[in-house]
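Below you'll find the structure, written out as structure tokens, and then a few comments.
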Amino acid sequence: MSRLLVLGLLLLSMGGLSLSGCAKKEKPQTPEDYLRLGDQALGQKREGQARKYYEQLLEQYPDSDLKTQAQFKIADALYREKNYLEARFEYQKFLELYPLSPLASRAQFQIGMCSLQRVQTFDRAQLQTKEALAAFRLFRSKYPQDPLLAEAEGHIQFLRQRLAEHEFAVARFYYRKKAYQAAIGRLLNLIQVYPDTPDIDVALYMLADSYREEENYRKAQGVLQLLIERFPTSKYVAQARTQLRELPQTGITLQ
């Protein structure tokens with residue numbers, strides 16, 4: 001085969017590839033087309049393009065039966081892009097527009113997930129933790145039979161633990177700074193609101209010691225007694241007994 005013939009075939013092949021690469025992009029003609037192309041783009045992780053299709057569906061076919069799905073999927077695309085703040089807004093918007101939709105429970109769940117994804121470590125402000133907890137609790141109360149209920153319960157437990165850790169960290173900070181009045185307030189809230197949190201025996205000991213430092217010996221004695229009764233195997237029991245013996249007389253009979 002001559003060199004000219006080989007070169008001709010190569011150019012023809014390249015021309016064919018070029019033509020195939022310039023195939024026209026499909027132009028949607030119906031609401032179904034917009035939804036299908038949006039779903040296709042979403043499946044290919046082209047979330048921005050997917051949102052454009054869904055938004056065009058809403059703009060051009062405001063009376064379409066598919067607008068509910070399009071609105072929900074706009075929020076989903078934002079969530080997949082990790083744009084959680086805007087996604088939360090869109091899920092909330094969906095609930096306001098379509099509160100009776102079969103997708104309403106999922107939207108409420110996703111509102112919680114958007115805040116959950118933005119939760120800070122326990123030593124930072126916990127606004128997102130509180131928002132997520134409120135969203136999942138609302139989901140639990142409104143949709144008690146939803147298949148996602150067990151997952152929501154798991155998130156609720158995690159969020160409560162994060163709030164307890166934060167409360168304990170703040171209480172410990174005040175305690176170490178000898179700001180005992182502030183420590184007492186935080187410790188009381190921790191013990192009353194999160195009684196099942198780990199290290200509650202530590203919190204009780206710190207509370208009793210804070211009362212002792214404030215010379216509120218009666219309350220200190222009561223808390224130390226509670227610590228001994230509820231946590232007899234705690235490493236703080238020996239110290240609690242020692243402090244009980246050293247406290248001024250309060251009139252409380254020790255068990």
Steps toward side-chain contact (heavy atoms from CB on, under 4.5 Å) verdict (Tyr79, Tyr84): CA-CA 6 Å; Tyr79 184 83; Tyr84 301 121; 3.7 Å; yes
Derivation and outcome, side-chain hydrogen bond (donor to acceptor under 3.5 Å, both in side chains), residues Tyr143 and Gln108: CA-CA 9 Å; Tyr143 311 103; Gln108 180 60 49; 5.8 Å; no
Worked verdict on Glu81 versus Arg51 for salt bridge (Lys or Arg N to Asp or Glu O under 4.0 Å): CA-CA 11 Å; Glu81 289 178 284; Arg51 282 193 290 110; 2.9 Å; yes
Salt bridge (Lys or Arg N to Asp or Glu O under 4.0 Å) between Glu165 and Arg162, worked out: CA-CA 5 Å; Glu165 290 171 352; Arg162 177 55 53 86; 3.4 Å; yes
Full working for side-chain contact (heavy atoms from CB on, under 4.5 Å) between Arg118 and Leu85: CA-CA 9 Å; Arg118 301 175 65 217; Leu85 191 61; 3.4 Å; yes
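Residues Phe168 and Leu133 are members of one and the same hydrophobic cluster, defined by side-chain heavy-atom contacts under 4.5 angstrom among Ile, Leu, Val, Met, Phe, Trp and Tyr. A chain of hydrophobic side-chain contacts below 4.5 Å, direct or via other Ile, Leu, Val, Met, Phe, Trp or Tyr residues, connects Tyr194 to Leu207. Put simply, Leu138 and Leu149 are part of two different groups of oily side chains (I, L, V, M, F, W, Y) that touch within less than 4.5 Å, one to the next. Grouping the Ile, Leu, Val, Met, Phe, Trp and Tyr side chains by contacts below 4.5 angstrom, directly or via other members, places Ile191 apart from Val170. Both Leu97 and Leu95 are part of a single hydrophobic cluster, where members link through side-chain heavy atoms under 4.5 Å apart.
The backbone N or O of Gly38 lies less than 3.5 Å from a partner atom in the side chain of Tyr54, making a donor-acceptor pair. Side-chain N or O atoms of Glu90 include none that pairs as donor or acceptor with a backbone N or O of Gln71 at under 3.5 Å. With hydrogens and angles disregarded, a donor-acceptor distance shorter than 3.5 Å links the side chain of His166 to the backbone of Phe122. Put simply, the side chain of Arg160 gets close to the backbone of Val193: a donor and an acceptor are under 3.5 Å apart. The closest donor-acceptor contact from the side chain of Gln243 to the backbone of Ala238 lies at 3.5 Å or more, if one exists at all.
Residues Phe158 and Leu116 are in side-chain contact: their nearest non-hydrogen atoms beyond the backbone lie under 4.5 Å apart. Inter-residue side-chain proximity for Arg140 and Glu153 is flagged as met; some heavy-atom pair is nearer than 4.5 Å. For the pair Gln49 and Gln44, the minimum side-chain heavy-atom distance is 4.5 Å or more. Annotation: side chain of Gln40 is in contact with side chain of Leu37 (closest heavy-atom distance under 4.5 Å). The shortest distance between side-chain heavy atoms of Leu204 and Tyr236 does not fall below 4.5 Å. Within the 4.5 Å cutoff, side-chain heavy atoms of Ser101 are placed close to those of Phe94. Residues Glu215 and Tyr217 are in side-chain contact: their nearest non-hydrogen atoms beyond the backbone lie under 4.5 Å apart.
From Tyr98, atom OH reaches atom NZ of Lys93 across 8.5 Å, with rounding to the nearest 0.5 Å. With rounding to the nearest 0.5 angstrom, the NZ atom of Lys67 is 8.5 Å from the OG atom of Ser64. The distance from atom CD of Gln56 to atom CG of Asp33, rounded to the nearest 0.5 Å, is 12.0 Å. Here the straight-line distance linking atom OG1 of Thr129 with atom CD of Gln161 works out to 12.0 Å at 0.5 Å rounding. Rounding to the nearest 0.5 angstrom, the gap separating the CG atom in Asp65 from the CG atom in Leu35 is 11.5 Å. In this structure, CG in Leu127 is found 9.5 Å from CD in Gln120, a value given to the nearest 0.5 Å.
A pairwise comparison of heavy atoms in Ala208 and Ala220 identifies O-CB, 3.5 Å as the closest pair. Annotation for Phe136 and Gly112: closest pair CZ-C, 3.5 Å, computed over non-hydrogen atoms. Heavy-atom minimum distance, Thr197 versus Ala164: OG1-CB, 3.6 Å.
Ionic pairing of Asp39 and Arg36 is not present here: no N-O contact between side-chain nitrogen and carboxylate oxygen is shorter than 4.0 angstrom.
Classified by interplanar angle (parallel below 30°, tilted 30° to 60°, perpendicular above 60°), the ring pair Phe109/His155 is tilted.
Checking Tyr91 against Asp76 by side-chain atom types alone, a donor-acceptor pair falls below 3.5 Å.
Within a 6.0 Å sphere centred on OH of Tyr61, other residues, nucleotides and ligands contribute more than 12 heavy atoms.
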Hey, can you pull the donor-acceptor pairs under 3.5 Å for the side chains in residues 178-188, sequence neighbours left out?
{"unit_1": "Gln181", "atom_1": "NE2", "unit_2": "Glu214", "atom_2": "OE1", "d": "2.9"}
{"unit_1": "Arg186", "atom_1": "NH1", "unit_2": "Glu167", "atom_2": "OE1", "d": "3.0"}
{"unit_1": "Arg186", "atom_1": "NH1", "unit_2": "Glu167", "atom_2": "OE2", "d": "3.4"}

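Paired with Phe231 under the rule side-chain contact (heavy atoms from CB on, under 4.5 Å), one option of Ile200, Val202, Leu226 passes, and it is Ile200.
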